[in-house]
Enquirer: 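Encoded as structure tokens, here's the structure I'll be asking about.
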Amino acid sequence: MVRMSVLADCLKTISNAEKRGRRQVMVRPSSKVVIKFLQCMQQHGYIGEFEIVDDHRSNKIVIELNGRLNKCGVISPRFDVGYDDIEKWIVNLLPSRQFGHIMISTTYGIMTHEEARRKKTGGKILGFFY
């Protein structure tokens, strides 16, 4: 079957492995968006180290899980989010203000909603994790 969204497939695989209590999960295929998303999750401490394995196709990623991730998901379609609208999305998606992150693809790159607010920019919403 054809994969519609590589990012959605990756996040669902991570979420399922986390629910099962696994320590490691292998995700394929890899993409630049998936890698940036994982880097942000790693910076905020939701996942451990991850390693990109070159298989001469579209690469695999082996991710170390640390049990801190409750939920992660993709927002499809990728809605436009203005600087003023970020607050509405935070209220709708995250369980509380101090908890969780929304990933936004901006002209300055892929970043969390907090960075986008600091840079006073909007973009397209990719997904969330908490």
Side-chain angles (χ1 to χ4, degrees):
M1 202 164 127
V2 177
R3 281 178 211 263
M4 291 301 175
S5 172
V6 176
L7 181 63
D9 197 45
C10 169
L11 294 181
K12 186 52 97 174
T13 306
I14 292 170
S15 187
N16 289 342
E18 190 79 62
K19 285 177 190 167
R20 291 289 311 271
R22 300 271 165 88
R23 303 305 300 157
Q24 246 186 3
V25 63
M26 190 191 73
V27 173
R28 52 172 280 274
S30 165
S31 75
K32 286 193 271 186
V33 174
V34 169
I35 290 167
K36 275 301 247 184
F37 206 100
L38 291 176
Q39 284 172 345
C40 280
M41 288 172 84
Q42 187 181 26
Q43 282 173 358
H44 294 288
Y46 286 90
I47 60 172
E49 296 291 316
F50 65 91
E51 178 184 358
I52 300 162
V53 180
D54 184 23
D55 62 351
H56 300 294
R57 289 188 192 89
S58 59
N59 298 347
K60 297 175 185 167
I61 305 174
V62 178
I63 304 164
E64 301 287 330
L65 300 175
N66 56 14
R68 289 201 186 120
L69 192 66
N70 293 319
K71 190 173 184 182
C72 60
V74 73
I75 303 299
S76 182
R78 294 180 177 175
F79 291 107
D80 287 328
V81 179
Y83 172 67
D84 306 327
D85 300 335
I86 293 175
E87 184 63 36
K88 292 176 197 163
W89 283 94
I90 292 169
V91 170
N92 287 339
L93 290 175
L94 301 180
S96 81
R97 288 185 188 281
Q98 309 89 333
F99 193 60
H101 301 278
I102 296 174
M103 297 298 296
I104 300 175
S105 175
T106 67
T107 53
Y108 303 108
I110 295 172
M111 59 183 71
T112 62
H113 68 276
E114 293 159 350
E115 291 174 64
R117 275 179 151 175
R118 275 196 297 270
K119 293 186 177 180
K120 290 192 170 31
T121 184
K124 294 205 178 274
I125 193 160
L126 293 177
F128 62 93
F129 58 91
Y130 55 85

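Only heavy atoms go into these numbers, but all of them, side chains included; no hydrogens, no water, no symmetry mates. Keep in mind that this is a model prediction, so the values were computed, not measured.
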Enquirer: Could you tell me the separation between the CZ atom of Arg3 and the OG atom of Ser58, rounded to the nearest 0.5 Å?
Expert: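 Arg3 CZ to Ser58 OG: 8.0 Å, rounded to 0.5 Å.
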
Enquirer: Mind checking the OH-SG spacing from Tyr46 to Cys72? Nearest 0.5 Å is all I need.
Expert: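 Going from OH on Tyr46 over to SG on Cys72, the span is 11.0 Å.
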
Enquirer: Are any of the side-chain heavy atoms of Lys119 and Thr106 separated by less than 4.5 Å?
Expert: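 Lys119 vs Thr106: side chains apart.
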
Enquirer: Rounded to the nearest 0.5 Å, what separates atom CD1 in Ile86 from atom OG1 in Thr121?
Expert: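 Output value for this atom pair is 7.5 Å.
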
Enquirer: When you compare the side chain of Leu38 with that of Val27, does any pair of heavy atoms fall below 4.5 Å?
Expert: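 They are not in side-chain contact.
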
Enquirer: Please name the pair of heavy atoms, one in Cys40 and one in Met103, separated by the smallest distance, quoted to 0.1 Å.
Expert: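 For Cys40 versus Met103, the nearest heavy atoms are SG-CE, 3.4 Å.
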
Enquirer: Report yes or no: does Thr13 contribute a side-chain atom to a donor-acceptor pair with the main-chain N or O of Asp9 at less than 3.5 Å?
Expert: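 Side chain of Thr13 to backbone of Asp9, a donor-acceptor pair under 3.5 Å: yes, one is there.
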
Enquirer: Please identify each residue that fulfils side chain to side chain donor-acceptor pair (under 3.5 Å) with Gln24, with sequence neighbours left out.
Expert: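 Applying side chain to side chain donor-acceptor pair (under 3.5 Å) to Gln24 gives Glu64.
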
Enquirer: Set out, in order, the CA-CA distance, both residues' side-chain angles and the distance that settles side chain to side chain contact (heavy atoms under 4.5 Å, CB included) for Phe99 and Asn70, then state yes or no.
Expert: CA-CA 11 Å; Phe99 193 60; Asn70 293 319; 3.6 Å; yes

Enquirer: Looking at every non-hydrogen atom in both residues, tell me the closest pair between Ser30 and Ile61 and how far apart they are.
Expert: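 That would be OG-CD1, 3.8 Å.
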
Enquirer: In a check of side chain to side chain contact (heavy atoms under 4.5 Å, CB included) between Ile102 and each of Thr112, Leu94, Asn92, which one passes?
Expert: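 For Ile102, the side chain to side chain contact (heavy atoms under 4.5 Å, CB included) test succeeds with only one of Thr112, Leu94, Asn92, which is Leu94.
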
Enquirer: Are Ile110 and Phe37 close enough that some pair of their side-chain heavy atoms sits under 4.5 Å apart?
Expert: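 Ile110 does not reach Phe37 side chain to side chain.
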
Enquirer: Within this structure, what is the OG-CG distance for the pair Ser105 and Asp80, rounded to the nearest 0.5 Å?
Expert: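 The CG atom of Asp80 is 10.5 Å from OG of Ser105, to the nearest 0.5 Å.
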
Enquirer: For the residue pair His101 and Phe129, categorise the inter-ring angle as parallel (less than 30°), tilted (30 to 60°) or perpendicular (more than 60°).
Expert: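 Because their plane-to-plane angle lies in the 30° to 60° range, the rings of His101 and Phe129 count as tilted.
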
Enquirer: Could you tell me whether a side-chain N or O of Glu49 sits under 3.5 Å from a main-chain N or O of Ile63, the two making a donor and an acceptor?
Expert: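 No; judged by distance alone, with no hydrogens or angles, the pair does not exist.
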
Enquirer: For the CZ atom of Arg118 and the CE atom of Met111, what is their distance to the nearest 0.5 Å?
Expert: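 Arg118 atom CZ to Met111 atom CE measures 9.5 Å (nearest 0.5 Å).
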
Enquirer: Can you pull out every ring-ring contact (aromatic ring centres under 6.0 Å, His included) where at least one residue sits in residues 65-86? Sequence neighbours excluded, please.
Expert: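 Qualifying pairs: Phe79-Trp89.
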
Enquirer: Between Val74 and Ala8, what is the shortest heavy-atom contact and its length?
Expert: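 Taking every non-hydrogen atom into account, CG1-CB, 3.4 Å.
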
Enquirer: Calculate, to the nearest 0.5 Å, the distance between atoms CD1 and CG belonging to Ile47 and Leu69 respectively.
Expert: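 It comes to 8.0 Å.
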
Enquirer: Taking C-beta and beyond as the side chain, do Arg78 and Leu7 meet within less than 4.5 Å on heavy atoms?
Expert: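 Side-chain contact under 4.5 Å: yes.
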
Enquirer: Counting N and O atoms only, with roles assigned by atom type, does the side chain of Arg22 sit under 3.5 Å from a partner on the main chain of Leu65, one being a donor and the other an acceptor?
Expert: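 Looks like no, no N/O pair under 3.5 Å.
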
Enquirer: Which heavy atom of Pro29 sits nearest a heavy atom of Val6, and at what distance?
Expert: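 Residues Pro29 and Val6, closest heavy atoms: O-CG1, 3.4 Å.
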
Enquirer: Nearest heavy-atom pair of Asn66 and Gly45: which atoms, and what distance?
Expert: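 For Asn66 and Gly45, the tightest heavy-atom pair comes out as ND2-O, 3.2 Å.
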
Enquirer: Would you call Glu87 and Arg117 a salt bridge, taking side-chain N to carboxylate O under 4.0 Å as the test?
Expert: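 Yes.
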
